[in-house]
Amino acid sequence: MPQRFTLSLISLSLLSWALLLLSALSHSGAGPWLGTWPEWATQLAQGVFVLSIFLYYRYRPTPLEGQAFVRLLRQLLMGPGLLALACVGLHLLERLAKDQPVFGSNSLFFSSVYTLNLGLFVIFLARTNYAWRALVLFRSSARLQREWTVFEILLGATLLFRLGGINPPGYIGIPIVVGLGLYGIYLSGHQKWVAYLSQREKWRAVLLQAGLLLGVLIFVQYFRLTQADPQLIAPQPQHAFLLLTAFFSAFYALMGLLVTFFNLPIADIIEQRRNEILRLQRLTQIIQRGQTSVEVYHILLESAVQTVQADAAWLDLDPSHARVDVNEATFYFNLMPDQAGELRERLGENNLPEGDFITNDLQLRPGFVGSPQRFRSLLQLPMRGLHYNYGMLYLLKIEPHTFDREDLNILQTFTSQAVLSIENLELVRTSLENQRTQEELKIASQVQESLIPKNLPTDNWFEISSHSLAAKEVGGDFYDFLHLPGRRLAVIIGDVSGKGVTAAFHMAQMKGIFHSLMQENPLAKNERDKFPAPSKFMAQANAALVHCLEKSSFITSSLYIIDYEQGGFVYARAGHCHTLYYHALREEVFYFDSAGLGLGIIRNESYEKHIKNQFYDYSPGDVMVIYTDGIVEARGEGGAEYGEDRLKLRLEESYFQSAEDIKSFILADLNAFTYGYPIHDDQTLLVIKFKSAQPLPLP
């Protein structure tokens, strides 16, 4: 409401009240100098005063802040209620003054007191009426708000007509008042705010509303007593207006009082249900606050005991599924472990039928007959998840027949929510572990990526092209190159059994062994002995891997030492895939047929007997294709494998191209074959093409 409008209404109310006082004084003869005011002037002054007061409170901000219902009623009692006490004080002062000779005939005093009480009463009615309005329209629909506005207009018009002395005949006026009363009953029945009060708040609301109702009755009684006072000549319409307004104000107070009072018997139930909802919310919010499984079970036991008001309880958990330590697998409330143990033993010998959870009298249950029991009622509820049974909840009461189906339904909801929270916590924990694993795999992948040769060896005698693709974040395939003295090049390729981090770890070990064993030996007697032959390398590598390779793991590998100045190479195969070769002079594509056993399969000195060196002279234009089994065992439609025969055909079709183009041709065919199907194993492919010797530049 604009401040200017507020000030205008306050000024208008003060002015009209002053005119009303002067009118009362003129009628009572207390001020002969005022003359005699016509009755319409009194009614007009009172009408303006009432209208300005009601408009002021009508357009003020709502007195209800949020859900502070009790505070609103308290403010009414401390505000308008104190006005009623002031009215009583003034009335008593007036009565005492009548007995005094000095004031006995002083109409000025009595008229002033009467007019002041009239103003206080109008303020009291305005504040209380619009307080009831705020309560009735709390969270109301737009329709109810419109209906209240219509009622407000009809009631205001009726009261102003009464104040103006316009009284229709009884057969019209009575039905109007009765109709407004029934309409008011309908509207005042909307008391949603009462449902938001706790038990204690409802008792406070009852007392406060009773106090407000008493305040209204005090005012009404005062005006009834002063209506026939010979010293006051107040117009009759004024009393009719005041009594009718007081009726509706008292009616709202009475309706609110009755609604609140009759809600008291169910307040405990509502409060209990509210607490149940709060406990459920507490269980659902556990995962957001990062609490542990043990805290979930503590909250479950506490909530269950408070909900059904159990005298004792305990919770047995299965440590393997409930994610708790064995020492924390049982929680007790108001019960000693030996007492729970005795009950548990007897209950285990006499289980309830499937679907029964309540024992109304333990003394009548098999296994307990004939022995006095401190607790007579028992509710036992399993905590079942989607895959596991997490434990059993036991609740006890001293009196028999104190658990019912409703208690069971509520507790089933609690246990279901607790199990859901446990499973959610486990999912979060698993997710975090997976996230950490992914981060570790990412680091491992970066490390492995750094171990793959980025710069392939280049020379005028050969060209090399390579491809490597891991089936997972990290893989077990490896290859490497190392330049050796005497214009020699060592090429190694291998495949660690298994996949993932373990395979990548062994792959890194194998690369370290390769570089360690193939380094130049300064104590060698001749050029040939400066590095081991492939078969000797495999034997030494097998001996080194014995100490770090799991018994269930092995490594396949092939090592080639190419002497491209002499035009030949020697190689040894440790159980690896056969080498695919194109012989340019014979124009033939074939696989090298050589024996060999994987590293780590035999872990003693006899391993070297299973590895043989193979020597081969190459010609310009020859092509050597080295690969891992992820190439030939790649699966396509129907589970068919790519196979060695198909790889051989692709080389027959592309041998005349460069090493890079041969590799691209084979991979394009492989990708077309496996299109739409996942990679099952790591894939590595090396293509080496020998060229004619090029003359060295002159010094």
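- Taking the six-membered ring for Trp, Trp314 and Tyr394 have ring centres closer than 6.0 Å.
- A donor atom on one side chain and an acceptor atom on the other are not found under 3.5 Å apart for Thr579 and Tyr627.
- With no hydrogens or angles considered, no side-chain donor-acceptor pair links Ser664 and Asp661 at under 3.5 Å.
- Between Thr556 and His576, the side chains place a donor N or O and an acceptor N or O closer than 3.5 Å (distance only, hydrogens not considered).
- Across all non-hydrogen atoms, the minimal contact from Arg635 to Thr674 is O-CG2, 3.4 Å.
- A ring-centre distance under 6.0 Å is found for Tyr571 and Phe592.
- Atom-to-atom distance recorded for Glu302:CD and Gln306:CD is 4.5 Å, nearest 0.5 angstrom.
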Q.
With side-chain contact (heavy atoms from CB on, under 4.5 Å) as the criterion, how do Leu549 and Arg603 come out once you've worked through the C-alpha distance, each side chain's angles and the decisive distance to 0.1 Å?
A. CA-CA 10 Å; Leu549 197 65; Arg603 305 195 175 196; 3.9 Å; yes
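- Inter-residue side-chain proximity for Gln566 and Arg488 is flagged as unmet; no heavy-atom pair is nearer than 4.5 Å.
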Q | Intermediate values then yes/no, side-chain contact (heavy atoms from CB on, under 4.5 Å), Met383 and Met392 | A | CA-CA 6 Å; Met383 297 176 56; Met392 184 76 74; over 6 Å; no
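- Side chain of Asp622 to backbone of Ala584: a donor-acceptor contact under 3.5 angstrom is found.
- Ring orientation note: the planes of Tyr581 and Phe590 are tilted relative to one another, at an angle of 30° to 60°.
- Considering only heavy atoms from C-beta on, Lys663 stays 4.5 Å or farther from Leu686 through its side chain.
- To the nearest 0.5 Å, atom CD of residue Glu660 and atom CD1 of residue Ile464 are 12.0 Å apart.
- Applying the 6.0 Å contact sphere to CZ of Phe569 captures more than 12 heavy atoms from other residues, nucleotides or ligands.
- Here the side chains of Met624 and Lys689 are not in contact, with every heavy-atom distance at 4.5 Å or above.
- Across every non-hydrogen atom of Phe673 and Arg646, the tightest pair is CD1-NH1, 3.2 Å.
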Q.
Under the criterion side-chain hydrogen bond (donor to acceptor under 3.5 Å, both in side chains), I'd like the reasoning laid out for Asp480 against His515: C-alpha separation, chi angles, the key distance, then a yes or no.
A. CA-CA 9 Å; Asp480 206 353; His515 281 272; 2.5 Å; yes
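- Shown here for Ile601 and Leu597, the closest heavy-atom pair between the two residues is CD1-CD1, 4.1 Å.
- Atom CG in Asn613 sits 14.0 Å away from atom CZ in Arg573 (nearest 0.5 Å).
- Proximity of a side-chain donor or acceptor of Ser619 to a complementary backbone N or O of Leu585 within less than 3.5 Å is not detected.
- Ile662 approaches Leu651 most closely through the heavy-atom pair CG2-CD1, 4.0 Å.
- The environment of CZ in Arg586 is crowded: more than 12 heavy-atom neighbours from other residues, nucleotides or ligands sit within 6.0 Å.
- In Glu588, the CD atom is crowded: over 12 heavy atoms of neighbouring residues, nucleotides or ligands sit closer than 6.0 Å.
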Q: Begin from the C-alpha positions of His610 and Ile602 and carry the test side-chain contact (heavy atoms from CB on, under 4.5 Å) through to its verdict.
A: CA-CA 9 Å; His610 300 276; Ile602 296 178; 3.4 Å; yes
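- For the pair Ala340 and Tyr332, the tightest heavy-atom approach, listed with the atom from each and the gap, is CB-CE2, 3.5 Å.
- For the pair Phe514 and Leu559, the minimum side-chain heavy-atom distance is below 4.5 Å.
- In summary, Asp316 and Arg344 engage in a salt bridge, as defined by a charged side-chain N under 4.0 Å from a carboxylate O.
- Contact annotation: the side chain of Leu580 approaches that of Val589 to within less than 4.5 Å [non-hydrogen atoms, C-beta and beyond].
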Q: Show the numbers, then the answer: is there a side-chain contact (heavy atoms from CB on, under 4.5 Å) between Tyr618 and Ile688?
A: CA-CA 11 Å; Tyr618 67 82; Ile688 303 175; over 6 Å; no
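- Residues Val687 and Val623 form a side-chain contact, since some pair of their non-hydrogen atoms from C-beta on lies under 4.5 Å apart.
- Looking only at side-chain heavy atoms (C-beta outward), Phe537 and Met518 come within less than 4.5 Å of each other.
- Under the 4.5 Å side-chain criterion, counting only non-hydrogen atoms from C-beta, Tyr591 is in contact with Leu647.
- Expressed to the nearest 0.5 Å, how far OG of Ser654 lies from OH of Tyr582 amounts to 10.5 Å.
- At most 12 non-hydrogen atoms from other residues, nucleotides or ligands lie less than 6.0 angstrom from CG of Asp645.
- A donor-acceptor contact shorter than 3.5 Å links the side chain of Asn671 to the backbone of Leu667.
- Expressed to the nearest 0.5 Å, how far CG of Leu317 lies from OH of Tyr297 amounts to 5.5 Å.
- A side-chain donor-acceptor contact under 3.5 Å links Asp669 and Tyr642.
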Q. Given the rule in the side-chain hydrogen bond (donor to acceptor under 3.5 Å, both in side chains) test, do Asp495 and Thr628 qualify, once you have shown the distances and angles that lead to the verdict?
A. CA-CA 7 Å; Asp495 184 4; Thr628 59; 5.2 Å; no
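- Separating the CD atom in Gln657 from the CD1 atom in Ile666 is a distance of 9.5 Å, to the nearest 0.5 Å.
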